[in-house]
Amino acid sequence: MYKYFFRGQVHTARDLFEARHKAGLALPLTTPTVSPSVVRLWQWDEEARDYAIEIFSTPGHQIFNSYDEARVCYNTLEEFFPDEITEDFKLELVNFHRGETYQLASKILLPPVHAWQW
């Protein structure tokens with residue numbers, strides 16, 4: 001079961017492609033390139049005890065035809081997104097190629113601990 005977060009609610013689907021179809025988002029197969037790079041954000045799922053709920057809302061699930069553009073997005077989120085969050089997220093850079101997903105980079109983003117919180 002694939003879980004995704006879209007428009008403020010968690011939904012379920014059989015797989016990524018059905019989830020994107022239900023959400024009304026263009027499928028990765030319709031991009032001009034054969035191997036799009038995707039920057040993904042995942043939130044923690046207590047039931048699965050893993051980062052198993054993909055976030056389709058901005059800034060999650062961004063598709064790029066160029067690996068370089070995807071890497072810039074990944075690096076930017078890695079550096080600046082933790083300032084905007086209050087819970088842990090998993091940031092991933094993947095490549096879709098011929099129906100397979102290849103993980104290129106992954107990192108757990110933690111909210112900052114400010115001096116006043118000590």
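Since the model is a prediction, treat every value here as computed from it, not as a measurement. These numbers come from the heavy atoms of this one structure, side chains and all, not from hydrogens, waters or symmetry mates.
By the 4.5 Å heavy-atom criterion applied to side chains, L109 and E84 are not counted as neighbours. Two residues are said to be in side-chain contact when any heavy atoms from C-beta on lie closer than 4.5 Å; D88 and P111 meet this criterion. For the pair L16/Y4, no side-chain contact is recorded, criterion being any heavy-atom separation below 4.5 Å from C-beta on. Residues K3 and E54 are not in side-chain contact: their nearest non-hydrogen atoms beyond the backbone lie 4.5 Å or more apart.
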*asked:* Is there a side-chain contact (heavy atoms from CB on, under 4.5 Å) between F89 and I55? Walk through the geometry before answering.
replied: CA-CA 10 Å; F89 287 94; I55 300 172; 3.1 Å; yes
*Please report the C-alpha distance between F96 and S35 in whole Å, then the side-chain angles of each, then the deciding distance to 0.1 Å, and finally whether the side-chain contact (heavy atoms from CB on, under 4.5 Å) criterion is met.*
CA-CA 5 Å; F96 288 119; S35 314; over 6 Å; no
*For K90 and E92, what are the C-alpha separation, side-chain angles and deciding distance, and is it a salt bridge (charged side-chain N to carboxylate O under 4.0 Å, His left out)?*
CA-CA 6 Å; K90 180 180 178 183; E92 236 182 6; 3.7 Å; yes
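For the atom pair OH (Y2) and OG1 (T12), the distance works out to 11.5 Å, reported to the nearest 0.5 Å. Summarising the geometry, atom OH belonging to Y67 is positioned 7.5 Å from atom OG belonging to S37; distances are rounded to the nearest 0.5 Å. In this structure, F56 CZ and K22 NZ are separated by 11.0 Å, a value rounded to the nearest 0.5 Å. Rounding to the nearest 0.5 angstrom, the gap separating the CG atom in L41 from the CZ atom in F81 is 5.0 Å. The CZ atom of F5 sits 5.5 Å away from the CD atom of Q43 when rounded to the nearest 0.5 Å. Annotation: the span from Y51 atom OH to L91 atom CG amounts to 11.5 Å, rounded to 0.5 Å.
With a 6.0 Å radius and a threshold of 12 heavy atoms from other residues, nucleotides or ligands, Q103 has its CD atom above the threshold.
No continuous path of hydrophobic side-chain contacts links L93 to Y102 [ILVMFWY only; heavy atoms under 4.5 Å]. Linking ILVMFWY residues whenever their side-chain heavy atoms come closer than 4.5 Å, directly or via other members, places I85 and I53 in the same cluster. In this structure, V72 is not a member of the same hydrophobic cluster as F64, with clusters built from ILVMFWY side-chain heavy atoms closer than 4.5 Å.
Paired with P36 under the rule side-chain contact (heavy atoms from CB on, under 4.5 Å), one option of I63, N95, V94 passes, and it is I63.
No donor-acceptor pair under 3.5 Å is formed between the side chain of D50 and the backbone N or O of W44. Checked by atom type and distance alone, the side chain of Q9 never pairs as donor or acceptor with a backbone atom of F6 at under 3.5 Å.
In terms of heavy-atom proximity, L110 sits nearest to P82 at O-CB, 3.5 Å.
Taking E78 as the reference, K107 meet the salt bridge (charged side-chain N to carboxylate O under 4.0 Å, His left out) condition, with sequence neighbours excluded.
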